[in-house]
Amino acid sequence: MTLSTQERFDLITNNLEEIIGADELKMMLESGKEINHYVGFEISGKLHIGQAVMIMQKVKDLMDAGIKVHIFLADWHSYLNDKFAGDLVLIKEVADGYFKEIFKAAILMLGGDPEKLNFITASEYYSSHPDFWLTFLEVSKNTTLSRIERSISIMGREEGAAKDFGSLAYPPMQAADIFAMNIQIAQGGIDQRKIHVIMRDTADKIKTNAPMFDGKRVKPVAIHTKLLPSLAKPAIWPIPEDMDKRELLNKGKMSKSDPNSAMFMMDDPQVIRKKIMKGFCMEKEIGYNPILEWMDMIVFARETGGITIERPDEHGGNISFADYADLQTKFENGDVHPIDVKNYLADYLINLFAPARAYFEEPSKKAMLERVEEILEIISKKKK
RNA sequence: CCGGAGGUAGUUCAGUUGGUAGAACGGGGGACUGUAAAUCCCUAUGUCGGUGGUUCAAGUCCGCCCCUCCGGACCA
């Protein structure tokens, strides 16, 4: 089964929030040469649903499109961002074992081949490629402090919050990662946009590890997936007429640090159900409705043939939807109730995650999971 | 390095002349809705930055230390 260039392009770009450099991508696909992709992750104890589904589904699409995919384990970046209380030894331990397995589990549940995932650990890459640091300096030299500062909100910090100088090294590191590893497609959530733009802007100026493809200088392409909104009630409700819904969704993106707004791939089924049930969902309201957004971004993105919600006759019996627009119409009319949708979504996620949970039933993997829980326990005590 | 202002609940802060630590928001639980939200009840918060001292008694007074913010100084 060989795909046409157009089919490959469509696989890579479907369901994206945006692509920067579509022309470069087409050109590279035309060449038929191997294309390297990467997506970076800070090391954490859990994979949240945005990473597990939105990011990894795109990795699976890329895999299907014949792109060489890389998962970049950003251990030093995690240290800069105070993950695991800034304990590099613990970060490294988790990165080397458990964290790789959790990505294999994620790609497996999405129907991909774990063998096709290539892992690169930041610290190891840096020590074997010392010229990375010259690239890092070149990126730094070719951008400005104010752009770095503006790009830094991706680290999940509030603006104005105390930041150390090391955190400023983060964006140029991330840009330099892409050049040093000879990446043609850099993937991230739309929150990574500012850093990727810095990367693209400096791409022409880099001398060491200049981005080359097929003998030519080509700016790496940035692809950005959508962010799942928080299920909590928005800060402002009702929403004023003149407010940009997209801005609001962005503001309400899930935060890993707030356990109530985030859902994790390895959450117990009953926890998943509870989190969905707690979600803000106004009856007949389609203007701002995070539950419906999840249906769109998760369910309809995958179920292109439509879905059927099963429900007892007393609540109207089973009801089918051809696509998301159909769901919106019927929801707005009141043909389908929030609980119907929530039940469906909860079941859907529980089933979707089931293979990943099963993957960790295997004794050696279970031991890793328990060890990570132990580490997280140590960290929370350490913080106190 | 000097000066100023700070450090109290998850967050923003209040805390009288020293006398058992508070509010709001957020969190948790319940009522009401076929969900959630809104509304109404109920509820838990904590090494008061650390340490030594004065005192019957210290968040509060004193000494030392740590950290944050602002300004100044230094700039061969």
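Here is how names work: the chains are called A, B, and so on, in the same order as the sequence lines, proteins then strands, and each is numbered from 1.
Contacts of E283(A) with the nucleic acid, taken as non-hydrogen atoms under 4.0 Å apart, include base atoms. At the heavy-atom level, N343(A) lies nowhere under 4.0 Å from the strands shown.
Pairing for G3(B) goes to C70(B), judged as Watson-Crick or G-U wobble with the two contacts each under 3.5 Å. As the counterpart of U11(B), A24(B) is assigned, both hydrogen-bonding distances of the Watson-Crick or G-U wobble pattern falling under 3.5 Å. Pair assignment for U17(B) gives none, since no Watson-Crick or G-U wobble pairing has each distance under 3.5 Å. In this structure, U39(B) and A31(B) make a Watson-Crick or G-U wobble pair, each of the two defining distances being under 3.5 angstrom. Pairing of U45(B), defined by two Watson-Crick or G-U wobble distances under 3.5 Å, is not identified with any nucleotide. G63(B) and U51(B) make up a base pair, with Watson-Crick or G-U wobble contacts both under 3.5 Å.
When rounded to the nearest whole Å, the span between NE2 of H315(A) and P of U33(B) equals 14 Å. In this structure, the CD1 atom of I339(A) is 9 Å from the C1' atom of A36(B), given to the nearest Å. At whole-Å resolution of the value, CD1 in I291(A) and P in A36(B) are 11 Å apart. When rounded to the nearest whole Å, the span between NZ of K278(A) and P of A38(B) equals 10 Å. Across the protein-nucleic acid pair, F280(A) atom CZ and U33(B) atom P stand 20 Å apart, rounded to whole Å. Between N289(A) atom CG and A36(B) atom P the separation is 14 Å, expressed in whole Å. Atoms CG (L292(A)) and P (A36(B)) sit 16 Å apart, rounded to a whole Å. Between the CE atom of M277(A) and the C1' atom of U35(B) there is a distance of 7 Å, rounded to whole Å.
With both ends at atom P, the span from C69(B) to A31(B) equals 47 Å, rounded to whole Å. A distance of about 29 Å separates the P atoms of G3(B) and A9(B), rounded to the whole Å. Comparing the same atom, C1', in G7(B) and in A14(B) gives a spacing of 15 Å after rounding to whole Å. Rounded to whole Å, the P atom of G72(B) lies 31 Å from the corresponding atom of U11(B). Across the P atoms, G10(B) and G28(B) are found 15 Å apart, a figure rounded to whole Å. Comparing the C1' positions of A58(B) and U51(B) gives an interatomic distance of 14 Å, to the nearest angstrom. Atom name P, nucleotides G6(B) and C62(B): the rounded distance is 14 Å, in whole Å. Taking atom P in both A44(B) and A21(B), one finds a spacing of 15 Å when rounded to whole Å.
Using a 4.5 Å heavy-atom threshold, the side chains of Y359(A) and E101(A) count as touching. Using a 4.5 Å heavy-atom cutoff, the side chains of K83(A) and V94(A) are not in contact.
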Passes side chain to side chain contact (heavy atoms under 4.5 Å, CB included), V69(A) versus I107(A)? Steps please.
CA-CA 12 Å; V69(A) 299; I107(A) 202 73; over 6 Å; no
Checking side-chain hydrogen bond (donor to acceptor under 3.5 Å, both in side chains) for the pair D177(A)/H77(A): CA distance, chi angles, key distance, verdict?
CA-CA 11 Å; D177(A) 291 336; H77(A) 311 63; 2.9 Å; yes
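In this structure, the ring of Y125(A) has its center no less than 6.0 angstrom from the ring center of F72(A).
Among the nucleotides A36(B), U35(B), G29(B), the one closest to any side-chain atom of K274(A) is G29(B).
Side-chain polar atoms of T135(A) and N209(A) form a donor-acceptor pair below 3.5 angstrom.
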